[in-house]
Amino acid sequence: MSAVTKFSVEIDSGMFLVLLGPSGCGKTTIIKSIAGLIDPTEGQIYIDNILINKLPPKDRDVAMVFQSYALYPHMSVYDNIAFPLKMRKFSKHEIKNKVENTASLLELTQFLKRKPKELSGGQMQRVALARALVRNPKLFLMDEPLSNLDAKLRMQMRTEIKKLQKKIGITTIYITHDQIEAMSMADQIIVMNKGVIQQIGSPYVIYYQPTNLFVANFIGSPPMNFLKFRISQTSEDFNLYSSQIAIKIPKINLPLLEKTDSEIVLGIRPKDIIIDDKKYKKDPSTVSLKGKLLFTELLGDEVIYEIKLENNSIIKVSSNTDNFNYKQNDEIDLIVKYKNIHFFDSLTEQRLF
């Protein structure tokens, strides 16, 4: 069984590319192949139009930062950063200049004499970054570098890494299973599952135009709601029905559907569901739903409602705290604008439009 299948992508110079997907989907295999730590069974890898498949790792001009910081505990911060330069026989003067410049860039100057055990998690991560950057590689590979940090420090470090990457302009491939990291840091995202590329696009495209049910479900928190409907076609409209729910969709919104009684999946993000807003009740560009409140989760300025619809489907609705005035088992009217509904083929799971 292949770890990665038909992976083909061209990365522009200076791009911050994120490989996003669940554990075991092939992300680490890809960057280890680029770094020369794994020999791919087929295919070619080029950097600056040079085929590197047969080059040893030290000659690929690639730097890699791992999930574990992999610092040498017996060495000072200075010596950790200087290590790759010493291995390449740089002069002491060159090493001193490069280490000091890189340490300044990453705000590590005051820590150069310390040992790793005297540093915080964020400081150790910056040392690992500095050691990779000090020799000015053509390509920077990062394998879940923030996964060992707490939530607050992760947020701080992803901002620092993105700013640093833009400042020095180094081409970067970054691995994560954290969609928030991917959306906030990437110029382009490759979403993967089971060794196969599911979608390539900007964070905006990945979020607003997911290409299939996997991407739609993987991106977004809380995840997208999915509702299965059957199609009943009339002369002017498509009627979608599911148990006790029936809604009308203008034909113009379903150009790719021709089969009456075929099944379709509607995807609706929790934030796109409007609660009990009477001004939309008779708006022809909306769909109305009814449900019963099962559970409420208050998250600061956001409320997540778990609601059971008339066909017994369970959905989640995200709202601001202005609507935080419902009790368990309350009946709630819901409104969704047509433009915020995603349509997927239930068999192929591909986006229809």
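The chain is numbered in sequence order, starting from 1.
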Which heavy-atom pair separates [X] from [Y] by the least distance, and what is that distance?
X      : Y      : value
Pro137 : Asp61  : CA-OD1, 3.4 Å
Ala182 : Ile189 : O-CD1, 3.7 Å
Pro116 : Met75  : CD-O, 3.1 Å
Gly122 : Leu149 : N-CD2, 4.0 Å
Met64  : Ala35  : SD-CB, 4.0 Å
Gly36  : Pro57  : O-CG, 3.5 Å

> How about Phe16 and Tyr174: are their ring centroids closer than 6.0 Å?
Replying inline: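 Yes; Tyr174 has its ring centre under 6.0 Å from that of Phe16.
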[atom1]-[atom2] distance between [X] and [Y], expressed to the nearest 0.5 angstrom:
X      : Y      : atom1 : atom2 : answer
Thr102 : Leu164 : OG1   : CG    : 9.5 Å
Glu331 : Lys290 : CD    : NZ    : 8.0 Å
Leu266 : Leu352 : CG    : CG    : 10.0 Å
Lys292 : Asn312 : NZ    : CG    : 10.0 Å
Cys25  : Lys194 : SG    : NZ    : 11.5 Å
Leu227 : Ile245 : CG    : CD1   : 6.5 Å

Got a donor-acceptor contact below 3.5 angstrom from the [X] side chain to the [Y] backbone?
X      : Y      : answer
Asp345 : Thr348 : yes
Thr286 : Lys337 : no
Ser346 : Glu263 : yes
Ser313 : Leu309 : no
Ser147 : Glu144 : yes
Ser242 : Lys228 : yes
Ser184 : Glu181 : yes

Counting only heavy atoms not in [X], do more than 12 fall under 6.0 Å of its [atom1]?
X     : atom1 : value
Met15 : CE    : yes
Asp59 : CG    : yes
Lys86 : NZ    : yes
Lys32 : NZ    : no

>> Applying ring pair (Phe, Tyr, Trp, His ring centres under 6.0 Å) as the test, list every pair that has at least one member in residues 192-223; sequence neighbours left out.
In response: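 Qualifying pairs, neighbours excluded: Tyr204-Tyr208, Phe214-Phe218.
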If two hydrophobic side chains count as joined below 4.5 Å and joins carry through other members, does [X] share a cluster with [Y]?
X      : Y      : answer
Phe140 : Leu146 : yes
Phe226 : Val317 : no
Ile175 : Met157 : no
Leu71  : Phe111 : yes
Ile38  : Ile31  : no

>> Between Lys166 and Asp187, does any NZ, NE, NH1 or NH2 come within less than 4.0 Å of an OD or OE carboxylate oxygen?
In response: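 Yes, charged N to carboxylate O under 4.0 Å.
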Side-chain atoms of residues 42-52: list all donor-acceptor pairs with protein atoms under 3.5 Å, sequence neighbours left out, distances to 0.1 Å.
| from | atom 1 | to | atom 2 | distance (Å) |
| --- | --- | --- | --- | --- |
| Asp48 | OD2 | Lys138 | NZ | 3.4 |

Below 4.5 Å, heavy atoms only, C-beta onward: do [X] and [Y] meet side chain to side chain?
X      : Y      : result
Ile335 : Ser288 : yes
Thr296 : Lys327 : no
Leu141 : Val65  : no
Tyr338 : Val287 : yes
Ile332 : Leu334 : yes
Lys308 : Leu293 : no
Tyr305 : Ile275 : yes
Asp79  : Ile81  : no

> Which residue pairs satisfy the salt bridge (Lys or Arg N to Asp or Glu O under 4.0 Å) criterion with at least one member in residues 149-158, sequence neighbours excluded?
Replying inline: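 Listed once each, the pairs would be none.
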>> Test: salt bridge (Lys or Arg N to Asp or Glu O under 4.0 Å). Region: residues 96-110. Which pairs qualify, not counting sequence neighbours?
In response: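 Pairs touching residues 96-110 that pass the test: Lys96-Glu100.
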>> Is there a ring pair (Phe, Tyr, Trp, His ring centres under 6.0 Å) between Phe83 and Tyr72? Walk through the geometry before answering.
In response: CA-CA 10 Å; Phe83 185 78; Tyr72 299 108; 4.9 Å; yes
> When you check the side-chain N and O atoms of Asp178 and Thr176, is any donor under 3.5 Å from an acceptor?
Replying inline: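 No, because no side-chain N or O of Asp178 sits under 3.5 Å from a partner of the opposite role on Thr176.
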>> Is it the case that the side chains of Asp301 and Thr321 hold a donor-acceptor pair, with the cut-off being a distance below 3.5 Å and no angle test?
In response: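 Their side chains do not contain a donor-acceptor pair, so the 3.5 Å distance test is not met.
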>> Which residue is it: Arg351, Gln198, Gln199? I am looking for the one with a side chain to side chain donor-acceptor pair (under 3.5 Å) to Asn212.
In response: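 So, applying the side chain to side chain donor-acceptor pair (under 3.5 Å) to Asn212 and each of Arg351, Gln198, Gln199, only Gln198 qualifies.
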>> Show, in sequence, the C-alpha distance, side-chain angles and deciding distance for Leu119 and Val127, and conclude whether the side-chain contact (heavy atoms from CB on, under 4.5 Å) test is met.
In response: CA-CA 10 Å; Leu119 304 176; Val127 175; 3.8 Å; yes
> Run the side-chain contact (heavy atoms from CB on, under 4.5 Å) check on Ile190 and Leu20 step by step: do they pass?
Replying inline: CA-CA 6 Å; Ile190 298 179; Leu20 174 65; over 6 Å; no
> How would you list all residue pairs meeting side chain to side chain donor-acceptor pair (under 3.5 Å) that involve residues 116-135, not counting sequence neighbours?
Replying inline: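 The answer is Ser120-Gln123.
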> Lys316 and side-chain contact (heavy atoms from CB on, under 4.5 Å): which partner among Ile268, Ile304, Ile273, Ile307?
Replying inline: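 Answer after filtering Ile268, Ile304, Ile273, Ile307: Ile304.
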> Are Glu302 and Ser318 close enough, and set up right, to give a side-chain hydrogen bond (donor to acceptor under 3.5 Å, both in side chains), and what steps lead you there?
Replying inline: CA-CA 7 Å; Glu302 181 187 25; Ser318 171; 2.4 Å; yes
> Could you walk me through whether Thr172 and Leu17 pass the side-chain contact (heavy atoms from CB on, under 4.5 Å) check?
Replying inline: CA-CA 6 Å; Thr172 301; Leu17 177 73; over 6 Å; no
Under 3.5 Å, side-chain donor or acceptor atoms of residues 88-95 against the rest of the protein: list the pairs with distances, not counting sequence neighbours.
| from | atom 1 | to | atom 2 | distance (Å) |
| --- | --- | --- | --- | --- |
| Arg88 | NH1 | Pro84 | O | 3.1 |
| Ser91 | OG | Glu94 | N | 3.1 |
| Ser91 | OG | Glu94 | OE1 | 3.2 |
| His93 | NE2 | Asn97 | ND2 | 3.1 |
| Glu94 | OE1 | Ser91 | N | 3.2 |

